[in-house]
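Take a look at the structure below.
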Protein chains: 2
Amino acid sequence: MEDADRVVAQADAAFKESVERLKAFLRFPSIGTDPAYHEDTRRCAEWLVQELRGIGFDASLRETPGMPVVVAHGGEGDGARLLYYGHYDVQPADPLDLWESPPFEPVVKEGKNGPQVVARGAVDDKGQVMTIVEAMRAWKAAHGRIPVPVTLFIEGEEEGHSVNLEPFLRANADELKAAVCVISDTGMLAPDRPAVTTTLRGLAYVEATLTGPAHDLHSGMYGGAVPNPIDELCRIVAALHDDEGRVTLEGFYDGVAATPKEQIEAWRKAGLDEAAFLASAGLEEGSGEAGYSTLERLWTRPTLDCNGVWGGYTGEGSKTVIPSKASVKLSCRLMPGQDPEAVFASIEAHFRRRCPANCKVTVRDFGLGGGIGIDASGPYVEAARRAAEAVFPHPLTLVGCGASIPVVAVIKRVLDMDSLLLGFGLDDDRIHSPNEKFDLVCYERGIKTHVRFLAEAAGLK
Amino acid sequence: MEDADRVVAQADAAFKESVERLKAFLRFPSIGTDPAYHEDTRRCAEWLVQELRGIGFDASLRETPGMPVVVAHGGEGDGARLLYYGHYDVQPADPLDLWESPPFEPVVKEGKNGPQVVARGAVDDKGQVMTIVEAMRAWKAAHGRIPVPVTLFIEGEEEGHSVNLEPFLRANADELKAAVCVISDTGMLAPDRPAVTTTLRGLAYVEATLTGPAHDLHSGMYGGAVPNPIDELCRIVAALHDDEGRVTLEGFYDGVAATPKEQIEAWRKAGLDEAAFLASAGLEEGSGEAGYSTLERLWTRPTLDCNGVWGGYTGEGSKTVIPSKASVKLSCRLMPGQDPEAVFASIEAHFRRRCPANCKVTVRDFGLGGGIGIDASGPYVEAARRAAEAVFPHPLTLVGCGASIPVVAVIKRVLDMDSLLLGFGLDDDRIHSPNEKFDLVCYERGIKTHVRFLAEAAGLK
């Protein structure tokens, strides 16, 4: 087995170029969900194919009804093949006026943890995809080969619910066969505290619109005598939580298991700093379900949050209107054991039951996916642990995650494959927000961890 | 005294031209509150000055810090001078896509009550201003003189709360001295049922913004552990009404007098068709304060309505964000006896008391004006009654109005003058909405009523 230390040294030596390549990746405004950016998104995928070919991968762009997928085969040896998943598409950048530097002109700034690269996609997911690519590159540069068979599968629709993923996986299951799917799209506890994520929350996203009068009305001529869809919507939304912060939907908590106290203690000991987490949102105090700590609320409990609300006059000054309609977008984060379809049905029932008789309501979903618990007892988690602990000052922790990565469920269902969620992001990275960043210390340690993981995995069959 | 019948015949003969002149008035996009239309608004005022000079008025454009005022003196005789108030500015036209014909390209269409002119400002207030102007014109054409001294005062900021009105009236009080102020900017019960409005509701307009996290957050990474300003705002807004439709603000109903049952009966007998009123909003059933009829809710009770709400992601599809802020615009219609400043203070207290400790709230007003009760026992109401009953098939009714006309209070306060609210609009005119219209039968009858009112007023000293 080749010397992984030499590959790590190679990665160190090449780190400046790794940063420049990440910046090139970030310059593509690959907003996959916006047709205005489909050309840019495609060119981004083409760039990635070229980069992988440059490292010796058999890489190609594979068409789907939507954005193309990058598939790249490489590596050699007796070990079982590894599949790596990532995405090259990014979230929209708005609101643009809150970015300190343009979202698609990456810059390196000085931050709390040293230099950081700031751009949309810096950590979600391009920076983390590059921890994988640059690790592969370092192996090729140091020893001329990647020590384990690997396949990279990088899609362009993750921010749009990966609608074309399942059919693609089905159609290409044989080509993508592997022992495990490695994903770098989650986070660590701190720049020096690595983590593997073993629970993900699911997502049920809903939009409801209430219609009262047939058209907008003058609030003097009609006010007090007609239903006001904004007032009614607020009432219905307010009823979704009780005074203890619990979601009132019927059956919502069915199937939600209590997390063992030892697990919660282990997480706490591993160093999740609740105060720092809240501070990253500009808060001194959290909010949520009574009786649970911040950590429990994020990793062990399901939630309901409004994501958007609109209706009536929203411009400057005043307009005395009673609008015809008001709408809300809301979503639930689900724990393993909750049924997303049942949750949607209870949301629809909630709105219909409380909709006044002289109003109408429509309810639709924009995606329903269940929570996921990953078995952490296998050899690849151990391999990740050994790799990380050779790079980081502190041991690896198994952590929960408040967010959803639906592709993990799809990969399990279609390819019958477990995922290893080995991520290098941090809570204060501002994903989905302006000024998203990736700390260079995390980028560097991510590359090195992937370097060592490949060495560890080479021995697994 | 000249023969009013001959003037009415003249008005009939000239009606086609009166409609064409109204259309010319309507073609000016005189959206006074929008700086982009200040030029058009000014040109509209200049057109009106020319029209009035053409009838022999001493008319001029008078500058203010905002939009100019049209002041025109005319008429003669022993009767006490009459002041006429109106406004040449109009509401914005949005949403444009809901107009069947362009808002500033007036067309005559066939409606329920015969032909109607459709345009922004058709009835609020240009059509009604023209009932006055064309009546003056008919007197000049038929008898060479207007039989009573009159002053017209037509402003350009009514839709923007007439911010420059009070200083102008103070500065020109002597010039505007009169026995009564006649205003045509309200409605009738039906095309054949004339009305004088004797109560107006006041208006307190408020905007509140709730801020939770310092910036937008990813709802997976933070959901369940941080305050969500949309959820919190909905809760606070929902608490503004109880289950009986009553406003919960402390002291809100203080000073609201019970309307005598005879008055309510008189209104009902006069033919307010509650079902037709609700049908004009596309509703079969109303909503509001329990224990009150539609008519009472509109004319005798104060209200609180949300006019706009916004926060978070409101575009196509889904974005899993917890926004930093959420906002609401809301306004109360006030009855005589309520104190607008106290109502604003109670709204602010309501928001502050319910704002979570880890959030911030700002509350500001966009105008505070009290409800108005007008003494209907004077000679000018009787003069209006006699004039209307010579034109309309049914007797004149004294009615309430749900809307606010703050200028009535200003005229009382500054000029010590009562107002006579003699209007010719209808509930289904869609003021402040797309496809605003003025029925030509109402326009015609309005002109003739003003013709006859001038004759009646000529005898009053």
Side-chain angles (χ1 to χ4, degrees), chain A residues 201 205 213-228 230-231 234-235 237-238 241 281-288 294 297-298 301 303 305-314 317-322 326 329 331 333 356-358 366-367 402-404 427 431-433, chain B residues 201 205 213-228 230-231 234-235 237-238 241 281-288 294 297-298 301 303 305-314 317-322 326 329 331 333 356-358 366-367 402-404 427 431-433:
Chain A
R201 294 198 287 197
Y205 201 105
H215 48 265
D216 288 1
L217 301 175
H218 186 280
S219 76
M221 299 300 300
Y222 289 87
V226 299
N228 183 318
I230 299 178
D231 294 58
C234 285
R235 185 179 49 76
V237 168
H241 292 91
L283 298 165
E284 288 180 6
E285 207 186 310
S287 294
T294 294
R297 287 168 176 168
L298 289 170
R301 303 298 293 168
T303 71
D305 269 294
C306 289
N307 306 115
V309 68
W310 68 102
Y313 179 68
T314 62
S318 63
K319 189 177 179 192
T320 50
V321 61
I322 294 174
K329 292 184 197 276
S331 48
R333 296 290 176 167
N358 54 4
F366 281 102
S404 315
D427 284 342
I431 60 172
H432 293 209
S433 296
Chain B
R201 294 199 286 197
Y205 201 105
H215 48 265
D216 288 3
L217 302 175
H218 186 278
S219 75
M221 298 301 299
Y222 290 87
V226 299
N228 184 316
I230 298 177
D231 295 58
C234 286
R235 185 178 51 75
V237 168
H241 291 90
L283 298 164
E284 287 179 7
E285 208 186 310
S287 293
T294 294
R297 288 168 175 168
L298 290 170
R301 303 299 293 166
T303 70
D305 270 292
C306 289
N307 307 114
V309 67
W310 68 102
Y313 179 66
T314 62
S318 64
K319 188 175 180 194
T320 50
V321 61
I322 294 173
K329 291 183 197 276
S331 49
R333 296 288 176 171
N358 54 3
F366 281 100
S404 315
D427 285 340
I431 61 172
H432 293 212
S433 297

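Chain letters run A, B, ... following the sequence lines, proteins first and then strands; every chain starts at 1.
- Of the listed residues (Thr320(A), Val321(A), Ile322(A)), just one forms a side-chain contact (heavy atoms from CB on, under 4.5 Å) with His432(B), and that residue is Thr320(A).
- With Val226(B) as reference, Leu283(A) is the one residue of Asp305(A), Leu298(A), Thr294(A), Leu283(A) to meet the side-chain contact (heavy atoms from CB on, under 4.5 Å) rule.
- The choice from Val309(A), Asp427(A), Val237(A) that makes the most heavy-atom pairs within less than 4.5 Å of chain B is Val309(A).
- Between Phe366(A) and Ser318(B), the shortest heavy-atom distance links the atoms CB-CB, 4.0 Å.
- The candidate with the highest count of non-hydrogen atom pairs below 4.5 Å against chain B, out of Ala357(A), Gly367(A), Ala403(A), is Ala403(A).
- Per-residue heavy-atom pair counts under 4.5 Å with chain A were compared for Gly286(B), Gly402(B), Pro227(B), Ala238(B), and the maximum is reached by Pro227(B).
- A distance-only check finds a donor-acceptor pair linking the side chain of Arg201(A) to the backbone of Gly220(B) [under 3.5 Å].
- Chosen from Asn307(A), Asp216(A), Ile230(A), the residue pairing most often with chain B at heavy-atom distances under 4.5 Å is Asn307(A).
- The greatest number of non-hydrogen atom pairs below 4.5 Å with chain A, out of Pro356(B), Pro213(B), Ser219(B), is found for Ser219(B).
- Most heavy-atom pairs under 4.5 Å with chain B, from the set Ser433(A), Cys306(A), Gly312(A): that is Cys306(A).
- Note on Glu285(B), Arg301(B), His241(B), Arg235(B): by heavy-atom pairs under 4.5 Å with chain A, the leading option is Glu285(B).
- Heavy atoms of Lys319(B) lying under 4.5 Å from chain A belong to its backbone as well as its side chain.
- Rounding to the nearest 0.5 Å places OG of Ser331(B) at 13.0 Å from OH of Tyr313(A).
- Top candidate by heavy-atom pairs under 4.5 Å with chain B, chosen from Ser404(A), Gly288(A), Ala281(A), Ala326(A), is Ala281(A).
- Atoms OG and OH, from Ser287(B) and Tyr222(A) in turn, are 14.5 Å apart once rounded to the nearest 0.5 Å.
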